[in-house]
Amino acid sequence: MNLLESLRVGPPLPWAPPRAERLLLLLVALVALSPVFVPNEQDRSRLCLSYALVAGHLHDDTCFPYSVDRSRYGGHYYSNKAPGMSALEIVPAEAVGLPHVEHWGDALTQRLWAVRLFASGLPFLLCVFLVGRISEGHAPGFGAPAMVTFGLGTLAEPLAVSGFDHLPAAFF
């Protein structure tokens with residue numbers, strides 16, 4: 001018996017692949033992850049904190065004045081958002097060369113979409129996958145409708161690439 005088996009409490013999760021799982025994941029991804037939204041205050045505040053974390057501190061007095069979602073304490077500006085999404089966005093923001101908030105222009109939307117795709121779109125797809133697998137394990141034949149319904153028929157779909165932290169939190 002390994003460590004994970006000794007930690008398990010109760011029966012194992014029901015787990016089975018639904019019919020046409022890969023195709024359905026692809027179709028849900030095409031529909032849910034294709035919108036490209038303009039930058040908003042969530043993005044500014046979270047990415048300012050991402051820039052600050054890369055620099056090794058929590059405040060950024062050059063970036064946060066461009067955001068409405070900020071707090072001021074001890075003469076410095078801070079994000080008023082939880083740091084989880086900002087930490088998730090560090091790697092994709094650096095990978096696509098996302099400019100500092102003060103230099104955001106019209107060409108930014110594709111880069112910002114890529115950051116959102118990694119930080120919230122990937123957890124969205126993982127949630128869709130888990131819903132399909134566990135649903136199929138509980139009720140054979142119902143995994144595929146459950147994953148499509150969750151992916152396209154709930155509020156998970158509009159949040160998939162919105163930059164909000166609801167889906168990463170749901171996944172984790």
Side-chain angles (χ1 to χ4, degrees), residues 1-54 58 69 79-96 98 108-172:
M1 178 183 301
N2 65 25
L3 178 63
L4 288 176
E5 290 173 350
S6 65
L7 293 175
R8 184 179 298 151
V9 177
L13 280 176
W15 190 263
R19 204 169 128 228
E21 178 182 51
R22 289 182 185 170
L23 176 64
L24 292 174
L25 277 172
L26 176 67
L27 293 174
V28 167
L30 285 173
V31 171
L33 303 178
S34 60
V36 179
F37 301 112
V38 296
N40 59 43
E41 288 305 315
Q42 293 283 327
D43 297 315
R44 287 181 188 89
S45 183
R46 291 184 196 288
L47 287 164
C48 283
L49 181 55
S50 297
Y51 301 140
L53 291 172
V54 168
L58 296 175
D69 289 343
S79 175
N80 62 7
K81 303 289 177 211
M85 191 70 163
S86 296
L88 278 175
E89 290 178 338
I90 290 173
V91 172
E94 292 292 321
V96 300
L98 197 67
L108 169 81
T109 53
Q110 296 300 325
R111 290 181 184 179
L112 186 58
W113 175 81
V115 172
R116 290 173 176 167
L117 182 66
F118 176 82
S120 63
L122 185 59
F124 164 76
L125 284 179
L126 292 171
C127 285
V128 171
F129 171 78
L130 290 173
V131 165
R133 284 285 176 116
I134 294 171
S135 297
E136 186 70 23
H138 272 296
F142 288 94
M147 70 188 294
V148 172
T149 300
F150 172 78
L152 301 179
T154 67
L155 284 176
E157 189 269 332
L159 293 173
V161 285
S162 66
F164 291 95
D165 60 355
H166 296 72
L167 290 165
F171 171 71
F172 288 116

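Numbering starts at 1 and runs along the sequence shown.
Applying the side chain to side chain contact (heavy atoms under 4.5 Å, CB included) criterion to Leu58, with sequence neighbours excluded, gives Leu49, Leu53, Tyr78. Taking the ring-ring contact (aromatic ring centres under 6.0 Å, His included) definition, one finds that Phe129 meets it with Trp15, sequence neighbours left out. With sequence neighbours excluded, the residues satisfying salt bridge (Lys or Arg N to Asp or Glu O under 4.0 Å) with Glu21 are Arg133.
Taking 4.5 Å as the limit, some side-chain heavy atom of Pro158 sits within range of a side-chain heavy atom of Leu155.
The stretch residues 23-35 participates, sequence neighbours left out, in no salt bridge (Lys or Arg N to Asp or Glu O under 4.0 Å) pair at all. Among residues at least two apart or in separate chains, there is no salt bridge (Lys or Arg N to Asp or Glu O under 4.0 Å) pair with a member in residues 137-158. Every pair passing side chain to side chain donor-acceptor pair (under 3.5 Å) that includes a residue from residues 114-126 is listed here, sequence neighbours excluded: Asp43-Arg116. Note on residues 137-149: no pairs pass salt bridge (Lys or Arg N to Asp or Glu O under 4.0 Å), not counting sequence neighbours. Each ring-ring contact (aromatic ring centres under 6.0 Å, His included) pair with one or both residues in residues 17-37, not counting sequence neighbours, would appear here, but there are none. Applying the disulfide (SG to SG under 2.5 Å) test to pairs two or more places apart or on separate chains, none has a residue in residues 138-172.
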Without placing hydrogens or testing angles, list every side-chain donor-acceptor pair under 3.5 Å for residues 135-151, not counting sequence neighbours.
unit_1	atom_1	unit_2	atom_2	d
Ser135	OG	Val131	O	2.6
Glu136	OE1	Gly141	N	3.3
Glu136	OE1	Gly143	N	2.9
Glu136	OE2	Gly141	N	2.8
Thr149	OG1	Pro145	O	2.7

Give the table of side-chain donor-acceptor pairs shorter than 3.5 Å for residues 80-93, with sequence neighbours excluded, one pair per line with atom names and distance.
unit_1	atom_1	unit_2	atom_2	d
Lys81	NZ	Asp69	OD2	3.3
Ser86	OG	Arg46	O	2.8

Under 3.5 Å, side-chain donor or acceptor atoms of residues 161-172 against the rest of the protein: list the pairs with distances, not counting sequence neighbours.
unit_1	atom_1	unit_2	atom_2	d
Ser162	OG	Leu159	O	3.2
Ser162	OG	Phe164	N	3.4

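One distance of note links CG of Leu33 with CG of Leu125; it measures 5.0 Å at 0.5 Å rounding.
Atom CG of Leu30 is surrounded by more than 12 heavy atoms from other residues, nucleotides or ligands within 6.0 Å.
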